[in-house]
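Count residues from 1 along the sequence. All values below were derived from every heavy atom in this structure, side-chain atoms included, with hydrogens, water molecules and symmetry-related copies excluded. Atoms within each ligand, like the ligands themselves, are counted from 1 in listed order. Computed from a predicted model, the values in this text were never measured in an experiment.
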Amino acid sequence: MRIDVVSLFPEFIAQCAAFGVTGRAIERGLLSLQGWNPRDHAEGNYRRVDDRPFGGGPGMVMLVDPLRRAIAAARAADPRPVRVVYMSPQGRPLDQAGVRELAGRERVMLLCGRYEGVDERLVRAEVDEEVSIGDYVLSGGELAAAVVVDAIARLQDGALNDAGSAEQDSFEGGLLDCPHYTRPVEHELGKVPDVLLSGNHAEIAKWRREQSLRRTLERRPDLLDGAALTEADRRTLDRLRQG
Ligand code: ADE
């Protein structure tokens, strides 16, 4: 998969992606990440990329043309069609299903705004969808783009050392993840639950499922509506609610 990032700070995203799972995915050739700086496509001695908003008000707005030329250069660098995503607090809130959808594409382009945002005409002409990483405002789209790159990278086949890890994550199947334990069995902070030491895989799976359900019920009951629940899950939830 290929991700192009259009940003005034492309090095920032490259640095964020250089470590851990994303770094390995890039090294293994599972993901290629390419930055495009609108400043390289700006004109004049000052290479201006922003201007004051019409109608007045604070802040600056990113100009259409440098962004448009950067996007055109990115599009032309690879013949495959590309999904253009503008990182914006006005966008669709990102969730794991949305990450999966993006991760299944061959090409995605992430557009990062700075200042008050980008000229709306550019958004209308070039952007397929707007995506937000949460209901708070960042000073630019770069951190949001880095989040998207990370979440996509770890879903690429071969990116995680253990192929089962991604399926076990929080939100896969719509539930929060269960708790995890490792050595030592006995510690001054507590003992590992017996069932995990039992070697009984069916019992372990049952315990983990119940823990996921319990956590989701306690912490994010809103997720239960969209979760893939079995009849047994519903009975477990009824029991947990009662008790
Ligand atoms: N740019 C600024 N804030 C953002 C947010 N919450 N999500 C995505 N992009 C952003």
Side-chain angles (χ1 to χ4, degrees), residues 1-22 31 33-42 48-68 70-71 74-75 82-105 107-155 169-171 176 219-220 222-223 226:
M1 176 178 187
R2 170 179 178 132
I3 304 180
D4 294 278
V5 183
V6 177
S7 160
L8 288 170
F9 307 106
E11 306 82 7
F12 174 82
I13 292 140
Q15 269 300 307
C16 284
F19 305 95
V21 172
T22 36
L31 181 73
L33 187 63
Q34 176 78 52
W36 303 87
N37 193 336
R39 188 142 346 244
D40 296 337
H41 300 270
R48 193 167 190 150
V49 292
D50 62 339
D51 209 333
R52 284 170 302 171
F54 280 123
M60 302 291 270
V61 176
M62 287 182 76
L63 294 166
V64 169
D65 282 327
L67 275 171
R68 195 160 177 231
I71 293 168
R75 283 191 197 275
V82 56
R83 180 89 171 160
V84 179
V85 177
Y86 173 39
M87 306 312 305
S88 142
Q90 283 81 48
R92 171 172 64 90
L94 188 67
D95 61 10
Q96 191 64 18
V99 171
R100 277 213 172 271
E101 196 275 316
L102 290 174
R105 293 178 180 272
R107 275 195 84 184
V108 169
M109 190 186 310
L110 304 176
L111 197 59
C112 304
R114 280 265 145 187
Y115 318 115
E116 293 308 302
V118 315
D119 190 304
E120 187 65 19
R121 293 167 293 185
L122 183 281
V123 178
R124 295 213 175 169
E126 299 280 0
V127 168
D128 296 309
E129 65 172 323
E130 298 187 37
V131 166
S132 165
I133 64 159
D135 291 340
Y136 41 83
V137 179
L138 303 167
S139 50
E142 284 74 14
L143 274 168
V147 165
V148 172
V149 169
D150 185 291
I152 286 178
R154 59 194 301 290
L155 291 183
D169 283 339
S170 277
F171 305 116
L176 299 184
R219 302 180 189 187
R220 293 291 306 278
D222 57 297
L223 292 176

Undergrad: Measuring from F19:CZ to D150:CG, what's the distance to the nearest 0.5 Å?
TA: 12.5 Å
Undergrad: Return the minimal non-hydrogen interatomic distance between T22 and C16, and the atom names on each side.
TA: OG1-O, 4.2 Å
Undergrad: Which protein heavy atom lies closest to atom 6 (N) of ligand 1, and at what distance to 0.1 Å?
TA: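 Answer for atom 6 (N) of ligand 1: Y136 O, 2.8 Å.
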Undergrad: Looking at ligand 1, does any of its N/O atoms fall within less than 3.5 Å of an N/O of G134?
TA: yes
Undergrad: Please list, in number order, the atoms of ligand 1 under 4.0 Å from a heavy atom of M87.
TA: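 Within the 4.0 Å cut-off of M87, ligand 1 contributes 8 (C), 9 (N).
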Undergrad: Using a 4.0 Å heavy-atom threshold (strictly under), name the region of S132 that reaches ligand 1: side chain, backbone, both or neither.
TA: both
Undergrad: Nearest 0.5 angstrom please: F12 CZ to L143 CG, how far?
TA: 4.0 Å
Undergrad: Find all atoms of ligand 1 within a distance of less than 4.0 Å from any non-hydrogen atom belonging to A144, and give their numbers and elements.
TA: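 Within the 4.0 Å cut-off of A144, ligand 1 contributes 8 (C), 9 (N).
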Undergrad: Quick one, L111 and V118 - any side-chain contact, counting heavy atoms below 4.5 Å?
TA: no
Undergrad: Any nitrogen or oxygen of I133, side chain or backbone, less than 3.5 Å from one on ligand 1?
TA: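 Yes, at least one N or O pair falls under 3.5 Å.
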Undergrad: Where's the contact between V131 and ligand 1, heavy-atom distance under 4.0 Å: side chain, backbone, both or neither?
TA: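 Near ligand 1, V131 shows its backbone, while the atoms from C-beta on stay back.
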Undergrad: Under the criterion side-chain contact (heavy atoms from CB on, under 4.5 Å), I'd like the reasoning laid out for V5 against Q34: C-alpha separation, chi angles, the key distance, then a yes or no.
TA: CA-CA 6 Å; V5 183; Q34 176 78 52; over 6 Å; no
Undergrad: Say you draw a straight line from CD1 of I13 to CD1 of I3; how long is it, rounded to the nearest 0.5 Å?
TA: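 The distance works out to 10.5 Å.
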Undergrad: Which residue supplies the protein heavy atom nearest to atom 3 (N) of ligand 1, what is that atom called, and how far is it?
TA: L138 N, 3.0 Å
Undergrad: I need the S88 OG to I133 CD1 distance, nearest 0.5 Å.
TA: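 Here the interatomic distance stands at 11.5 Å.
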Undergrad: Which bit of S88 gets closer than 4.0 Å to ligand 1, counting heavy atoms only: side chain, backbone, both or neither?
TA: backbone
Undergrad: So for S139, does at least one of its heavy atoms come nearer than 4.0 angstrom to any atom of ligand 1?
TA: no
Undergrad: Which residue owns the protein heavy atom closest to atom 4 (C) of ligand 1, what's the atom, and how far is it?
TA: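 Going atom by atom, the protein heavy atom closest to atom 4 (C) of ligand 1 ends up being P89 CD, 3.6 Å.
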Undergrad: Checking D128 side chain against V84 main chain: does a donor-acceptor pair fall under 3.5 Å?
TA: yes
